[in-house]
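Have a look at the structure below, then the notes.
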Protein chains: 2
Amino acid sequence: MANIQQVAKQAGVSVATVSRVLNGQNTVSAKTKMRVEEAIKKLNYEPSLLGRNLRTSESRLLLILIPTISNPFYLEIIKGIEQVAISQNYNILLCETDSNPQKENIYFDLVRKKMADGIITMDPAVNVETLKKLAENYAVIQCSEYEECTGIPYVTIDNEEASYRAVKHLIQIGHHKIALMNADEKYLFARLRKMGYKRALEENGITLKNEYIISTSNLGFENGQYAMKKILNLQDRPTAVFAVSDLLAIGALKEINIAGLHVPNDIAVVGFDKIDFSNMTNPTLTTIAQPMRKMGNVAARMLIEKIKGEEVESIILDHELVIRESTSR
Amino acid sequence: MANIQQVAKQAGVSVATVSRVLNGQNTVSAKTKMRVEEAIKKLNYEPSLLGRNLRTSESRLLLILIPTISNPFYLEIIKGIEQVAISQNYNILLCETDSNPQKENIYFDLVRKKMADGIITMDPAVNVETLKKLAENYAVIQCSEYEECTGIPYVTIDNEEASYRAVKHLIQIGHHKIALMNADEKYLFARLRKMGYKRALEENGITLKNEYIISTSNLGFENGQYAMKKILNLQDRPTAVFAVSDLLAIGALKEINIAGLHVPNDIAVVGFDKIDFSNMTNPTLTTIAQPMRKMGNVAARMLIEKIKGEEVESIILDHELVIRESTSR
DNA sequence: ATGAAAGCGCTAACAG
DNA sequence: CTGTTAGCGCTTTCAT
């Protein structure tokens, strides 16, 4: 494994010249450049990023923290991040945290110890204090899920308004008895979506029934099934369900099906996220579309600005209600 | 951001002593150690891995290449890799390649340029020549999917035998007309699973019908639906389908359901991988279980040995046929 | 257009 | 037990 010195020797030039060729500086004569390139090829030389990074004190590596890779919601966001990152000559690396603060800290450490230039976190279960402290000295952006009080810039949608619109849609097509299948309220988005749900009910003179609000520990398919079972057992059964994730909603769909009921005739269902799969269910799922690709784009841009030391403002992106079969009569 | 020199100065010792404390060497007196630790805390010092890695010429970073994070099949393997990696003081980073050789090359470059110590690839669509060349100078292990001819160590299961057993099971419960829903035969596992399928038919005197073999470009849900549509349109309709991935099989399940047919009474279905979801379908899916966690463990162990410069042998792990509702009468 | 040399932050061999 | 020092591989300033 050759190093820059050996290349210089082989080409009969100084290491400075090799470095210039490596970095595409045009202050090198064509002839010299050729010689250097030949030497590089001959020695099968690969410049070590460790040397370069130590010297320039940057790694051009971006870390993306996600709770789990098994939720398709993150797919498109990651693509969005990647798009911008690559165009700016950064590489991205995925870090699965399982919402485990210890694991998270491993990746934080990579930033603290200069192996990565910044972090985009999509993990809502983060250790807030640690994250906050990290952000004091390093580049951190929150994407989709966030903690307001940390002062860390975030990109997200208006969760309260999105939820409000979803529920309002159900009311407009005639529903009064609407269940909310929510995530644990330790998450900000869960609290916000509950607020939107309440506002829609209030505005339409519908009294809130606490037994219509079900919390799930997790946003997965199985949780949706489980929660739907509970809802179906209510004495005064709701005629509509708003689930705060598509996976939850799909679980609900299955459970309703098993119970021999029909969607949307017996029970209407609305999801959240517009994952690809939400269009492949039977019936297809009405859902809130988050601009995931754009969210990724924006998050990456914000992070790179932050790395450059610029001031960064949080951004709220638009969302959209996508009406499909699960709420059509 | 303090460096080791400033810590040394603050503590009134040499950088060597600070380094010793950092690396937990017990050749430092308790008193000195205390002083150093205080200085570290006071200056909020974080040792730079760039310096250390340059010096030790290792990064203790392992790269895991996966085609896409959206296939749950990889989840458990990754957990297995992580388990071993962490125990040996390595960190793992996920790299999504989208089976795109260019993207792949970005991550290969990270290894070539010393930012990572090795790679476990689960990407079957790899550029074979590039991979082979990479493995000549760097630590590379193939996991699950592999190319025999590269000479790169791999851990996998006996795909031919697994397929043979799946098809034999279908024959044993009375099926003669068995379709194979296969991946593109550019993949070794697809060729091997086809061989197993053929062997089972031959051994039981069943003539192979070419129209019973459907190739899909991809292992996803939608491909399964699409392929099943084709199969249902065959004039002499099969009574059983062996799909080489659970996602394909689940797509098939849905399509059969849409056609108003019943699984397993009208058509039996066998999948492959035993992803979590395969137990949540209706009916639950008979499938081949790969020892995914173990596969991850083994892959990580092999890679770390390889990094240490040891010789590494390829390994074939056991698999298991899990019989569930989709083939029960 | 090119080279000499300093230095990024760290570890480890050697000396004491 | 601790300090001095060389050097990992690179970039970049300053000369020439």
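Values reported hereafter were calculated over all heavy atoms of this structure, with side chains retained and with hydrogens, waters and symmetry mates removed. Each chain gets a letter, A, B and so on, in the order its sequence line appears, and its residues count up from 1.
- Here D/dC10 presents its P atom at 10 Å from CD of A/Glu46, a figure rounded to the nearest Å.
- Taking every side-chain heavy atom of B/Ile4 into account, C/dT11 is the closest of C/dA4, C/dT11, C/dA1.
- Here the rule is side chain to side chain contact (heavy atoms under 4.5 Å, CB included) with A/Phe108, and of A/Val140, A/Ile119, A/Asn127, A/Leu63 only A/Ile119 fits it.
- With hydrogens and angles ignored, no donor-acceptor pair closer than 3.5 Å exists between the side chain of A/Arg55 and the base of C/dG9.
- What separates CZ of A/Arg20 from P of D/dT12 is a distance of 10 Å, to the nearest Å.
- Using a 4.5 Å cut-off on side-chain heavy atoms (C-beta onward), A/Leu50 and B/Ser57 make no contact.
- Using a 4.0 Å heavy-atom criterion, one finds that B/Val18 contacts no nucleic acid atom at all.
- Summarising the geometry, atom CE belonging to B/Met115 is positioned 5.0 Å from atom OG belonging to A/Ser59; distances are rounded to the nearest 0.5 Å.
- Residue B/Glu58 contributes atom CD, which lies 16 Å from atom P of C/dC10 at whole-angstrom precision.
- The closest donor-acceptor contact from the side chain of A/Gln290 to the backbone of A/Ile157 lies at 3.5 Å or more, if one exists at all.
- Distances shown here put a side-chain N or O of A/Ser29 below 4.0 Å from the OP1 or OP2 atom of C/dT2.
- Atom CD1 of A/Ile152 sits about 8.5 Å away from atom OG1 of A/Thr121, to the nearest 0.5 Å.
- Mapping B/Lys31 and B/Ser57 onto DNA chain D by nearest heavy atom places B/Lys31 at the nucleotide closer to the 5' end.
- Taking side-chain N and O atoms only, A/Arg52 has no distance below 4.0 Å to OP1 or OP2 of D/dG9.
- Within 4.0 Å (heavy atoms only), A/Leu50 reaches no atom of the nucleic acid at all.
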**Request:** Show the numbers, then the answer: is there a side-chain hydrogen bond (donor to acceptor under 3.5 Å, both in side chains) between A/Glu148 and A/Tyr154?
**Result:** CA-CA 8 Å; A/Glu148 183 86 57; A/Tyr154 53 84; 3.0 Å; yes
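- Side-chain N/O atoms of B/Ser48 include none lying less than 4.0 angstrom from OP1 or OP2 on C/dG9.
- Considering only side-chain atoms of A/Thr27, the nucleotide from D/dG9, D/dG3, C/dA1 that sits closest is C/dA1.
- Look at CG on B/Leu54: it is 9 Å from C1' on D/dG7, rounded to the nearest Å.
- A straight line from CG of A/Asn53 to P of D/dC8 spans 18 Å, rounded to a whole angstrom.
- When rounded to the nearest whole Å, the span between CD1 of A/Ile40 and P of D/dG9 equals 16 Å.
- Distance, A/Gln6 CD to D/dC10 C1': 14 Å, rounded to whole Å.
- B/Tyr45 places its OH atom 7 Å from the C1' atom of C/dG9, with the value rounded to the nearest Å.
- In this structure, the nucleotide among C/dC10, D/dG9, C/dA5 sitting nearest to the side chain of A/Ala16 is C/dA5.
- Phosphate proximity of D/dC10 to A/Thr56: absent, as no side-chain N or O sits under 4.0 Å from OP1 or OP2.
- Taking every side-chain heavy atom of B/Val13 into account, D/dG3 is the closest of C/dT11, D/dG3, D/dT11.
- Here B/Thr17 does not reach the OP1 or OP2 of D/dT2: none of its side-chain N or O atoms lies under 4.0 Å away.
- At the phosphate of D/dT11, OP1 or OP2 sits under 4.0 Å from a side-chain N or O atom of A/Asn23.
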